[in-house]
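Right, one structure below, let's go through it.
When reading the values below, keep in mind they use all heavy atoms of this one structure, side chains included, and skip hydrogens, waters and symmetry mates. Each chain gets a letter, A, B and so on, in the order its sequence line appears, and its residues count up from 1.
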There are 2 protein chains.
Amino acid sequence: MSSIKCDAFKELLKQKGLKITAQRESVLEVLKNHEGNHLTVEEIYEKVKTLSPEIGLATVYRTIQLLSELKLVDKLELNDGFIRYEIGKFDGGKHNHHHLICEICGRVIEAEDDLLDLIEETCRKKYDFKVTNHVVKFYGICNKCSEK
Amino acid sequence: MSSIKCDAFKELLKQKGLKITAQRESVLEVLKNHEGNHLTVEEIYEKVKTLSPEIGLATVYRTIQLLSELKLVDKLELNDGFIRYEIGKFDGGKHNHHHLICEICGRVIEAEDDLLDLIEETCRKKYDFKVTNHVVKFYGICNKCSEK
DNA sequence: ATTCCTGCAAAAACTTTGCACCATG
DNA sequence: CATGGTGCAAAGTTTTTGCAGGAAT
């Protein structure tokens with residue numbers, strides 16, 4: 001498994017004099033295989049154990065922290081009380097990240113449209129703030145819940 | 001202190017057969033007095049103790065949970081590792097909530113513009129999802145950090 | 001009076017740290 | 001072989017819960 005993201009990861013580690021270990025690769029692998037799944041630490045741990053059975057929870061925490069610092073994963077709080085992580089989606093300058101969260105059933109829909117340019121323009125003009133990334137959460141009622 | 005928000009709170013409690021206590025009023029009071037301040041539980045606790053010195057931390061947790069359920073306060077994760085709360089800003093149908101977070105100094109600027117109508121329109125058309133509220137976080141570089 | 005709340009302390013859940021051993025570069 | 005990483009267990013944090021006494025309706 002040698003996708004672009006894995007290569008980027010190895011490259012970043014090398015640059016910083018850090019080591020490429022099976023555990024680190026496994027954690028990244030799990031996150032890659034569950035893109036858009038918003039995993040909790042415990043869920044990541046459970047899934048990683050199938051790839052690296054001997055891994056300790058502490059290593060999962062340490063690796064997630066590392067991946068966060070490298071901007072390869074994003075922390076997420078979907079207001080269900082859990083802190084979640086998912087692999088970053090902003091390769092090559094894109095930075096879209098919209099979640100549609102149903103207030104009734106809690107379902108999370110991933111939206112990909114990027115219509116925020118206008119707002120970013122306003123941030124720049126009005127607040128002199130240069131936007132480099134954004135996270136948007138829309139709360140509402142999903143189609144299934146509307147039907148009921 | 002009998003603002004609109006306090007009255008709304010008392011009304012909601014009454015409706016649900018819950019009781020109006022000094023502790024609950026104090027917690028709401030603190031959040032009202034620090035609108036836009038993004039307080040952690042510990043900060044709320046410290047400030048509430050000046051109003052209700054005998055209050056316990058457990059009661060602060062319980063009250064915040066209650067206020068969350070009543071949609072009077074919003075949970076916030078500004079990616080500095082702390083979970084924060086602030087009083088809700090969507091009285092009377094408004095639901096704006098944009099944070100500009102500087103990736104260098106961590107400063108949080110509150111933006112009030114609401115230019116998201118287009119996006120909400122798209123959510124409705126494309127995903128059949130009715131948006132009732134949104135939380136938007138823009139990461140970027142603030143003016144002070146740009147100058148350096 | 002009845003029901004709900006509170007403070008306290010204990011428990012549970014979550015996250016970080018120290019250390020001896022191991023693996024990578 | 002030097003440096004950094006790992007697993008484990010212990011320590012630190014944060015949050016929740018049980019319970020007996022107290023307050024609100």
Distance under 6.0 Å and angle within 45° of ring axis: A:Lys47 vs A:Tyr45: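 Output no; distance or angle outside limits.
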Tell me, do [X] and [Y] make a side-chain contact under 4.5 Å, heavy atoms counted?
X	Y	answer
A:Arg24	A:Leu66	yes
A:Tyr139	B:Val131	no
B:Val30	B:Leu51	yes

Criterion salt bridge (charged side-chain N to carboxylate O under 4.0 Å, His left out) on A:Lys126 and A:Glu121, from CA distance to verdict: CA-CA 8 Å; A:Lys126 187 162 170 183; A:Glu121 179 84 1; over 6 Å; no
Could you tell me how far apart [X] ([atom1]) and [N] ([atom2]) are, to the nearest whole angstrom?
X	N	atom1	atom2	result
B:Glu25	D:dA23	CD	C1'	13 Å
B:Lys14	C:dC4	NZ	C1'	16 Å
B:Arg24	D:dA24	CZ	P	12 Å
B:Leu13	C:dT6	CG	C1'	15 Å
A:Arg84	C:dT15	CZ	C1'	17 Å
A:Glu77	C:dC14	CD	P	13 Å
B:Leu57	D:dT15	CG	C1'	8 Å

Ionic contact status for B:Lys75 with B:Glu86, cut-off 4.0 Å: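 B:Lys75 and B:Glu86: not salt-bridged.
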Pair B:Glu77 + B:Lys137: basic N to acidic O under 4.0 Å: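 Looking at B:Glu77 and B:Lys137, the cut-off is not met.
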Sequence-aligned protein contact record of nucleotides 20-25 of chain C, with B where the base is within under 4.0 Å of a protein heavy atom and S where only the sugar-phosphate is: ---BBS
N or O in side chain of B:Gln23 less than 4.0 angstrom from D:dA23 OP1/OP2: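 Checking B:Gln23 against D:dA23: no side-chain N or O falls below 4.0 Å of OP1 or OP2.
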Interface with DNA chain C, restricted to residues 60-70 of chain B and to heavy atoms under 4.0 Å: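 Correct list: B:Arg62.
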Sorted by number, the residues of residues 43-55 of chain A with heavy-atom contact under 4.0 Å to DNA chain C: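 Heavy-atom cutoff 4.0 Å gives no residues at all.
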Side-chain donor-acceptor pair under 3.5 Å between [X] and [Y], yes or no?
X	Y	answer
B:Thr132	A:Glu103	yes
A:His38	A:Glu43	no
A:Asn143	B:Arg124	no

Derivation and outcome, side-chain contact (heavy atoms from CB on, under 4.5 Å), residues B:Ile101 and B:Phe138: CA-CA 6 Å; B:Ile101 304 161; B:Phe138 290 100; over 6 Å; no
